[in-house]
Amino acid sequence: TGIVSVPPGTTAGVYVINYKLCEKLNPTNCKETLITVAIAGIDVVKAVGIPLQVGKGKFEIPYSVVVGNVGTVTTYNVQANDNLVATYPAPATFVIKAGSYSATPTGGTCTGNASFNGASDTRLLAGTDDFAYGNSCEIRFTVVVDYGSNPRPAALFNNALASGMGTDSPSANAGYT
């Protein structure tokens with residue numbers, strides 16, 4: 001078929017594979033060659049700071065999300081998503097605190113998504129930057145959540161997801177929606 005499939009969970013790295021392609025009508029007529037397959041590796045680590053009560057039932061909660069290339073090849077159009085709707089379900093309301101959002105690169109560039117609001121726009125990055133091996137981006141923001149007179153949950157659960165592409169693309173990576 002000419003298709004090379006890589007099993008899910010394959011460790012990031014560069015692999016050299018003996019590739020054999022045979023003619024369908026004459027299966028003994030084959031060509032062999034070595035091909036190189038590069039598997040990118042992207043990692044995301046999310047941390048939450050100590051909530052600060054700023055009013056009755058109202059809290060500021062700082063977050064840090066670090067997205068990095070842990071593979072051995074460039075990962076293209078890197079994106080991270082953070083959907084906060086399930087973390088702060090109605091009747092609670094939340095917003096991203098004005099002026100709290102930042103995206104800081106370590107090596108290379110990372111372009112933040114200033115429209116991120118954790119609800120209708122969960123993209124933390126622009127999705128157009130390429131991360132070479134070792135490059136990362138730290139995204140910081142503070143959520144202001146208002147529970148009003150409703151009971152506050154004993155525990156909150158939240159995660160962030162990261163994605164990238166194996167080849168460069170002129171289109172931004174929207175990531176997970």
Side-chain angles (χ1 to χ4, degrees), residues 1-17 19 21 33-48 61-90 93-145 156-177:
T1 64
I3 297 172
V4 175
S5 297
V6 178
T10 300
T11 304
V14 177
Y15 299 88
V16 177
I17 300 169
Y19 185 77
L21 188 62
T33 189
L34 294 177
I35 62 169
T36 302
V37 178
I39 308 297
I42 194 90
D43 188 40
V44 62
V45 178
K46 183 173 184 178
V48 62
I61 305 169
Y63 284 91
S64 169
V65 178
V66 178
V67 181
N69 182 347
V70 295
T72 57
V73 297
T74 298
T75 302
Y76 298 94
N77 298 65
V78 174
Q79 182 59 272
N81 296 78
D82 194 354
N83 187 336
L84 299 170
V85 173
T87 305
Y88 306 109
T93 60
F94 70 88
V95 297
I96 305 303
K97 183 179 179 180
S100 71
Y101 178 91
S102 66
T104 307
T106 300
T109 60
C110 69
T111 307
N113 174 22
S115 299
F116 167 73
N117 62 21
S120 62
D121 192 342
T122 64
R123 299 166 302 139
L124 291 167
L125 298 171
T128 56
D129 295 316
D130 306 334
F131 286 21
Y133 168 74
N135 287 4
S136 64
C137 181
E138 181 177 21
I139 303 110
R140 291 182 171 270
F141 58 92
T142 299
V143 174
V144 179
V145 61
L156 299 172
F157 299 97
N158 179 248
N159 63 357
L161 303 170
S163 62
M165 299 179 176
T167 57
D168 205 1
S169 169
S171 302
N173 176 6
Y176 298 91
T177 55

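What you see is a predicted model; the values in this text were computed from it and never measured. We number each residue from 1, following the sequence as shown.
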- Query: Going from OG1 on Thr128 to CD on Gln79, what distance comes out if it is rounded to the nearest 0.5 angstrom?
  - Reply: 9.0 Å
- Among all residues two or more places apart in sequence or in another chain, which pass the side-chain hydrogen bond (donor to acceptor under 3.5 Å, both in side chains) test with Thr10? none
- Any Thr36 side-chain heavy atom under 4.5 Å of Leu34 side chain: no
- Message: By the salt bridge (Lys or Arg N to Asp or Glu O under 4.0 Å) test, which pairs, at least two apart or in different chains, include something from residues 98-108?
- Response: none
- Query: Do Phe131 and Pro105 come within less than 4.5 Å of each other through their side chains, counting heavy atoms only?
  - Reply: no
- Close side-chain approach of Val44 and Val65, heavy atoms under 4.5 Å: yes
- Task: May I ask you to test the Asp168-Asn77 pair for a side-chain heavy-atom distance under 4.5 Å?
- Result: yes
- Message: By the definition ring pair (Phe, Tyr, Trp, His ring centres under 6.0 Å), identify the one residue from Phe116, Phe141, Tyr101 that meets it with Tyr63.
- Response: Phe141
- Query: Taking atom types as modelled, is there a side-chain donor on Asp130 or Thr74 under 3.5 Å from an acceptor on the other?
  - Reply: no
- Item | Selection residues 131-140 - residue pairs positive for side-chain hydrogen bond (donor to acceptor under 3.5 Å, both in side chains), sequence neighbours left out | Ser64-Glu138, Glu138-Arg140
- Results of salt bridge (charged side-chain N to carboxylate O under 4.0 Å, His left out) for Asp82 - residues two or more places apart only: Lys46
- Any side-chain heavy-atom pair of Asp129 and Val78 under 4.5 Å: no
- Message: Restricting to ring-ring contact (aromatic ring centres under 6.0 Å, His included), what partner residues turn up for Tyr88, sequence neighbours left out?
- Response: Phe94
- For the residue pair Val143 and Ile96, establish whether any side-chain heavy-atom pair is separated by less than 4.5 Å. yes
- Item | Non-neighbouring partners of Ser115 that pass side chain to side chain contact (heavy atoms under 4.5 Å, CB included), sequence neighbours left out | Asn113, Asp121
